[in-house]
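In what follows, every chain begins at residue 1, and chains take the letters A, B, ... in the order their sequences are listed. For the numbers below, each heavy atom of this structure counts, side chains included, while hydrogens, waters and symmetry mates do not.
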Amino acid sequence: GDGGGEAAGGQGGDESVTVTVVTPYLANAATGEAIDLFTAEGEERGWTVSVVDTAGDMNRLNSAFQDAAAQQPDAIVLGTGDPAQISLGLRAAGDAGVPVFAIDAGEDEGIAANVTSDNTDLGEQSAQALIDEVGADGRVLMLTHDPHPGVRERAEGARAVFEEAGVEILDQVHVEVPGPVDDARTSVQDALSARGTGDDGITGIWGGWDEPALGATQALQAANVDDVPVVGVDGQDFAVAEIEKGGPFVATVKQDWPAIAAEVASLIEALVEDGVEPEQRQYELPGTLITQE
Amino acid sequence: MMSSTAPAQAPSTEATRSRATIPARLASYGTLLGLVALIILFSVLRPQVFLTPLNFTNILEQIAILAIVTAVQTVVMVVGDFDLSVGALASLVGVITAQLLVAGTDPAAAVAAGLLTGLLAGAVNGALVSYLNLSAFIATLATMTSFTGLALLLSNGSTVFGLPDSFVWLGQGRLGPVPVPVVIALALVLLIWFVLSKTVLGRAWYAVGGNAEAARLSGVNVRLVRFSAFLVSGTGAALAGIVLTARLASGHPTAADALMLSSIAAVFLGITLSRAGQPTIGGTAVGLGIMGVLSNGLNIMQVNSYVQQVLTGLIIVLAVSLSRLSRRRR
Amino acid sequence: MMSSTAPAQAPSTEATRSRATIPARLASYGTLLGLVALIILFSVLRPQVFLTPLNFTNILEQIAILAIVTAVQTVVMVVGDFDLSVGALASLVGVITAQLLVAGTDPAAAVAAGLLTGLLAGAVNGALVSYLNLSAFIATLATMTSFTGLALLLSNGSTVFGLPDSFVWLGQGRLGPVPVPVVIALALVLLIWFVLSKTVLGRAWYAVGGNAEAARLSGVNVRLVRFSAFLVSGTGAALAGIVLTARLASGHPTAADALMLSSIAAVFLGITLSRAGQPTIGGTAVGLGIMGVLSNGLNIMQVNSYVQQVLTGLIIVLAVSLSRLSRRRR
Amino acid sequence: MNSPAQRTGAASEGRRAPVLATRALSKDYGPVRVLSGVSLEFHAGEIHALLGENGAGKSTLIKMLAGVTAPSEGEILVDGAARRLRSVRDGQSHGIVALPQELSLVPTLGAAENIFLGLRRPGSRLLVDRRALDRDATALLERLGQRIPLDVPAGELSAVQQTMIALARALARDARVLILDEPTAALTEREAEQLFAVLRTLREAGTAIVYVSHRLEEVFALADTATVLLGGRHVWTRPAAQTSADDAVAAMIGRPPGQIYPQRETGEPALQRAGGPAALEVRDLRGHTLAGVSLQVPPGRVLGIGGLAGSGRSELLALIAGAQRPRGGAVLLGGQDITARRLAGRMRAGIVLVPEERRSQGLVMTHSVQDNIALANLGRFSRLGIASRSRERAAALRRAESLRIRATSIRQPVEELSGGNQQKVVLAKYLERSPRVLLLDEPTRGIDVGTKAEIYQLVRRLAAEGVAVLVVSSEIPELLGVADEIAVLHEGRLAGLVPAATATEESVLHLCYRKSA
Ligand SMILES: Nc1ncnc2c1ncn2[C@@H]1O[C@H](COP(=O)(O)OP(=O)(O)OP(=O)(O)O)[C@@H](O)[C@H]1O
Ligand SMILES: Nc1ncnc2c1ncn2[C@@H]1O[C@H](COP(=O)(O)OP(=O)(O)OP(=O)(O)O)[C@@H](O)[C@H]1O
Ligand SMILES: [Mg+2]
Ligand SMILES: [Mg+2]
């Protein structure tokens with residue numbers, strides 16, 4: 001860090017730029033990947049990047065913002081999380097004159113710019129991919145986690161697409177975190193027992209992110225069901241590997257983390273080194289659908 | 001002078017005792033009755049689904065990993081302590097094993113390394129509790145934090161995947177119609193049952209849990225006995241972590257964390273069946289049964305997941321209260 | 001006959017006693033020394049940042065909500081029980097209060113409703129534990145599950161926001177230089193300290209925790225006393241949930257869940273300072289201090305967050321061991 | 001009672017080497033020296049009694065001999081060689097086995113497992129052979145004249161049965177040196193006699209026995225050698241034949257003894273207390289053991305209650321005090337039916353029970369003397385719910401002095417007090433309530449002779465002030481000495497009611513066994 005506290009702001013020049021990344025969800029693989037990519041981007045630019053994780057605790061997230069602000073870095077990056085819950089932290093940063101950028105969070109006055117995948121788009125794309133497999137008369141099970149705002153938005157996007165296509169949503173199952181894979185696996189196993197597949201049964205499964213989709217895949221494989229496709233969201237490595245195998249896991253929508261990380265880094269660079277404010281409060285980058293082809 | 005006259009006082013009390021305990025015993029089976037009631041309830045409500053052999057296998061499979069952790073948690077609770085680190089340790093061992101496998105280690109060697117990690121971690125917990133006299137709660141809470149940190153650090157927070165099929169078999173394979181995790185869990189539960197009830201070590205665990213001071217004054221090596229319980233729980237947690245990793249065909253740094261509270265809850269449910277208020281493997285099995293049947297049954301009934309949580313709490317309270325209401329003393 | 005010579009034993013030895021305990025006391029202050037050591041460590045490593053009044057205020061603010069929960073958890077643990085439901089209850093009350101506010105309820109009325117919810121929830125816990133004789137662990141674990149389910153159900157899993165400023169002031173405002181949550185926490189801690197150490201109720205709590213049977217035979221209404229402890233913890237958890245909701249300016253169904261383990265950990269850290277092995281408010285304050293300084297200090301040192309977790313576990317073990325190593329008895 | 005033991009043991013055979021000896025043994029707790037420079041020898045085939053008032057250091061000495069605590073200074077010699085006993089296991093490996101004063105069984109385990117706990121049994125190092133365990137446990141208990149159900153957790157057994165299990169545990173170890181710290185405190189005379197018979201057999205077989213008791217008659221009937229400790233120092237060691245109980249008492253308290261039992265005034269007691277007379281009446285009271293007992297105790301009367309172990313004596317008091325729910329019957333105080341009231345309500349009405357078990361029922365062990373005394377009096381020492389420390393302190397100091405409670409201060413935790421002093425704290429706690437009806441369950445258990453006399457006087461004084469007193473005691477002389485009248489229970493029923501003035505030990509005993517009614 002620069003220690004002095006006065007050196008912050010757009011001086012550029014000799015002192016190296018310091019950026020603190022604060023996140024409640026580092027244990028989430030996608031968040032982790034995005035933050036890693038951002039850290040790499042920053043270090044390439046010669047910045048000092050440190051990462052603080054509060055393991056899902058929003059109160060501590062506010063505290064972490066305060067701690068970060070007290071050290072006067074050049075910028076703070078919120079790595080996912082719900083801005084509605086950290087108004088206090090954002091205000092601390094504002095009071096300290098430290099700009100806040102966000103990766104995959106939400107739009108908020110206290111945030112100079114939020115760069116994210118368009119979660120609604122992710123949900124829509126993945127839902128469409130599932131409809132392509134099961135047809136318009138399909139019956140799908142949705143694996144959701146509403147307390148996470150991003151996953152919630154995806155679910156809303158997906159639901160709209162399903163409804164419009166006339167696909168029946170059998171149920172929305174809340175997946176527990178931690179342990180989403182095993183929890184999804186158990187839930188799907190029981191849903192298969194209760195509803196069966198084929199006529200009146202489940203014909204497709206939509207996962208709000210890749211981990212529950214993986215659990216659903218395993219439940220289907222264990223039950224020797226091969227006609228119920230699964231889609232996920234995030235495009236994590238293990239999901240891609242699973243899709244390549246040609247099993248039930250048929251598609252995921254990859255968030256373009258490298259582009260998002262690069263965008264945030266260049267926005268910070270513009271502000272800190274050239275004093276250029278971001279043009280928009282929210283930048284939404286589309287995802288890329290990954291299927292076996 | 002007066003010792004010759006042996007008044008038959010003692011036998012008379014013996015007779016009264018067995019008479020006394022017949023209703024008391026029935027009452028103390030409340031939790032078991034709770035399990036039976038749940039099974040009947042779900043069977044009546046969804047007979048075609050709930051009462052099938054397939055679903056029965058499903059339930060067993062779903063609780064197999066929890067059963068492993070709970071069996072060893074039982075040991076620690078017999079000694080009168082808790083092990084809060086079991087979930088975090090299982091996650092950590094899962095990550096380590098998965099990383100070794102991905103690095104090309106032979107599955108047998110990777111499993112052995114995982115179990116050894118668990119044994120060592122158990123030794124750390126045991127040393128803190130028995131030799132440094134820390135309360136088990138604070139000691140295992142602290143190591144839990146460290147284990148989680150380590151698991152995240154090693155995996156860099158992400159999923160480790162690409163595990164060989166021979167390893168994955170441990171979690172997904174079957175021996176005849178029986179899933180391998182169920183076989184492993186059953187074997188462990190039987191082993192722990194045997195040790196707890198038939199061996200000198202098991203009785204020493206109970207003695208220390210019943211009154212550590214009395215055990216010490218009888219010449220029991222209380223520290224060693226308590227230490228050994230944590231060795232068991234560390235190794236068992238590692239086994240659970242390995243089986244879970246095989247089942248998920250991937251290592252996640254927090255995959256097993258939820259096992260901790262569930263395992264303690266299952267043991268506590270079981271304790272209500274014990275007259276002396278101490279954990280037994282039989283009781284633990286009933287506790288596990290309640291947890292497994294409840295979650296499966298509610299899923300099968302297609303109850304909203306949030307409502308499921310509300311009901312789970314209520315039903316646990318009901319099941320336990322059943323055994324208590326009729327056992328109220330004074 | 002022989003009673004005339006009254007041996008003046010009691011007064012004479014009082015003086016010697018204070019001499020006795022100087023090393024013993026020092027040893028038992030191990031955990032306090034741990035806190036001091038941490039403060040010195042961070043001060044030396046990052047003097048310009050750590051040792052500032054601003055940062056001091058930050059630390060206080062950061063632990064204020066935890067302090068509220070921990071103060072009431074202390075009461076439950078004095079009675080010899082745990083309350084695992086405090087975190088879930090705080091979350092639930094936060095959601096309820098936020099929803100009332102969003103629906104346009106007057107802030108004072110919404111806060112009162114929240115506190116009342118907490119009182120009722122505490123009464124449920126207390127009734128299960130003292131009148132149905134359930135173990136506190138299983139009872140509060142079950143209610144914890146139900147409370148979480150309820151919070152998710154009511155909020156439909158998502159964040160409730162748009163709270164009026166007059167309410168948000170409770171969590172974000174300041175009285176002079178002091179954040180409001182700190183004032184609330186301090187007031188509650190002082191109140192609990194007063195009740196625990198100066199009132200008949202506090203003495204009864206300690207007696208029940210020390211030996212419930214002896215307390216009963218001394219004419220203490222053990223059930224009522226234990227029940228009252230849960231009333232306190234329910235209300236305190238509600239207060240924490242309200243302040244947290246104000247601080248976050250939004251209600252979230254799982255926002256406060258993490259408070260449970262932390263509060264128990266803080267009380268356990270404090271117990272190491274007590275000679276009788278019972279919780280005290282002073283000890284609890286030291287335990288809170290350790291947790292607050294540790295997390296703030298490591299953040300300020302910009303330690304990788306995974307490494308932070310590993311270190312947190314290690315440092316807690318060290319702090320507690322300090323007090324134990326020198327106190328080992330035979 | 002018994003003919004004096006035949007003292008053919010080692011003592012008369014001249015100076016054989018002792019099996020166990022101490023050399024200048026001292027023990028400090030902080031700056032308090034509780035034992036200083038004690039040198040003693042214990043010989044095979046000899047029963048060696050340790051005497052001393054409460055807090056003299058007897059238990060402390062024993063704990064060091066058994067390896068429970070480490071000495072601060074001095075050494076312990078086994079067969080003439082200095083040994084450091086680091087644990088109870090160390091002690092046992094040298095053949096030293098102790099029955100601690102505060103017996104501690106594992107309450108959740110049965111008798112057999114308690115007896116053989118921590119003992120390596122040949123042929124079962126790993127596996128438990130339950131059948132052999134039960135067989136051997138039954139045999140050991142039979143030696144003590146006991147038949148105890150083996151499948152009942154020890155915590156649910158009566159005090160006597162628990163003591164017997166603890167004794168069987170000590171016997172099971174085949175000790176060369178057997179140390180018993182007040183083994184008869186909880187026993188009635190029948191069980192005590194059974195124990196003495198076993199001890200005599202062991203002595204003949206060459207065991208060295210160290211024996212602590214406050215019941216001096218039994219000590220002098222049993223012991224070959226007696227040692228007196230005073231304030232942690234060794235006063236003297238003499239062959240029992242060459243000394244007497246009076247000598248011992250004089251040495252124990254540092255001055256000549258007085259009379260133990262108070263002179264009873266003849267005629268009606270003076271009833272002048274405020275609050276008026278409060279006669280206690282019990283009608284057809286029934287509980288687990290108690291099968292319908294009716295009694296009347298007028299104010300100023302001391303009613304002694306005798307009976308065998310398990311005859312329902314403790315239960316009678318518990319039912320009167322409201323500590324236990326009756327299965328039937330009524331309790332009346334001053335003519336008013338108070339059966340519906342709970343313990344706290346009856347306490348407010350003036351009925352106070354001093355329970356039998358000091359550690360599990362009487363005290364919060366980690367709390368101070370003052371806090372324990374205050375516990376039964378919280379309401380009286382407070383205003384508007386706020387406790388008055390100064391009043392608690394004043395009361396505690398007063399009681400500590402009048403009962404001669406030996407503690408470093410009234411703020412010392414009671415767990416650090418000697419057993420007898422703990423018992424005094426229990427008494428102090430309940431006496432502070434100024435009862436109108438006082439129920440005493442084995443009040444002098446573990447209390448030294450000097451203080452016993454004071455307690456008896458106190459009981460008489462309270463009676464003279466109009467208090468109705470019920471005393472349960474397993475020591476018949478105590479009943480004869482302190483009571484006006486003695487009620488004897490047998491299997492939950494009243495076997496007889498005799499005036500103490502005309503009763504004898506024999507006649508009371510006969511009632512206990514119900515040989516005559
Ligand atoms: N852990 C301890 N800490 C401080 N003082 C202690 C401790 N244990 C015993 N003492 C003190 O040592 C002294 C001797 O106690 P000890 O138990 O040996 O007496 P005793 O002769 O066995 O008395 P009693 O007849 O009442 O059993 C007492 O004054 C007691 O308060
Ligand atoms: N079946 C039973 N269930 C529960 N408690 C019982 C039962 N039988 C006896 N008790 C309790 O055991 C205690 C001791 O019994 P009791 O009053 O007969 O003993 P006692 O005559 O005082 O002899 P001692 O105390 O020396 O063993 C009493 O409190 C009584 O209520
Ligand atoms: Mg003693
Ligand atoms: Mg009795």
C:Val267, C:Leu141, C:Thr312: which one forms the most heavy-atom pairs within less than 4.5 Å of chain B?
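Highest number of heavy-atom pairs under 4.5 Å: C:Leu141.
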Best-contacting candidate, C:Ala142, C:Pro253, C:Ser146, C:Ala151, against chain B by heavy atom pairs under 4.5 angstrom
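That would be C:Ser146.
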Proximity of residues 153-160 of chain C to chain B, residues having a non-hydrogen atom under 4.5 angstrom:
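So far as heavy atoms go, C:Leu153, C:Asn156, C:Gly157 are the residues that approach chain B to under 4.5 Å.
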Could you tell me the separation between the [atom1] atom of [X] and the [atom2] atom of [Y], rounded to the nearest 0.5 Å?
X        : Y        : atom1 : atom2 : result
B:Leu269 : C:Ser135 : CG    : OG    : 9.0 Å
B:Thr143 : C:Ile316 : OG1   : CD1   : 10.5 Å
C:Leu132 : B:Leu318 : CG    : CG    : 10.0 Å

List the atom of [X], the atom of [Y], and the distance in Å for their closest heavy-atom pair.
X        : Y        : answer
B:Leu150 : C:Val310 : N-CG2, 3.5 Å
C:Val317 : B:Leu128 : CG1-CD2, 3.5 Å
B:Met260 : C:Leu261 : CE-CD1, 4.3 Å

Atom group of [X] that falls short of 4.5 Å from chain B, counting heavy atoms:
X        : result
C:Leu152 : both
C:Val307 : both
C:Leu314 : both

What orientation do C:Phe137 and B:Phe268 show, parallel under 30°, tilted 30 to 60°, or perpendicular over 60°?
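Aromatic pair C:Phe137/B:Phe268 classed parallel.
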For C:Asn211, give me all partners under side-chain hydrogen bond (donor to acceptor under 3.5 Å, both in side chains), at least two apart in sequence or on another chain.
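C:Asn211 satisfies side-chain hydrogen bond (donor to acceptor under 3.5 Å, both in side chains) with no other residue.
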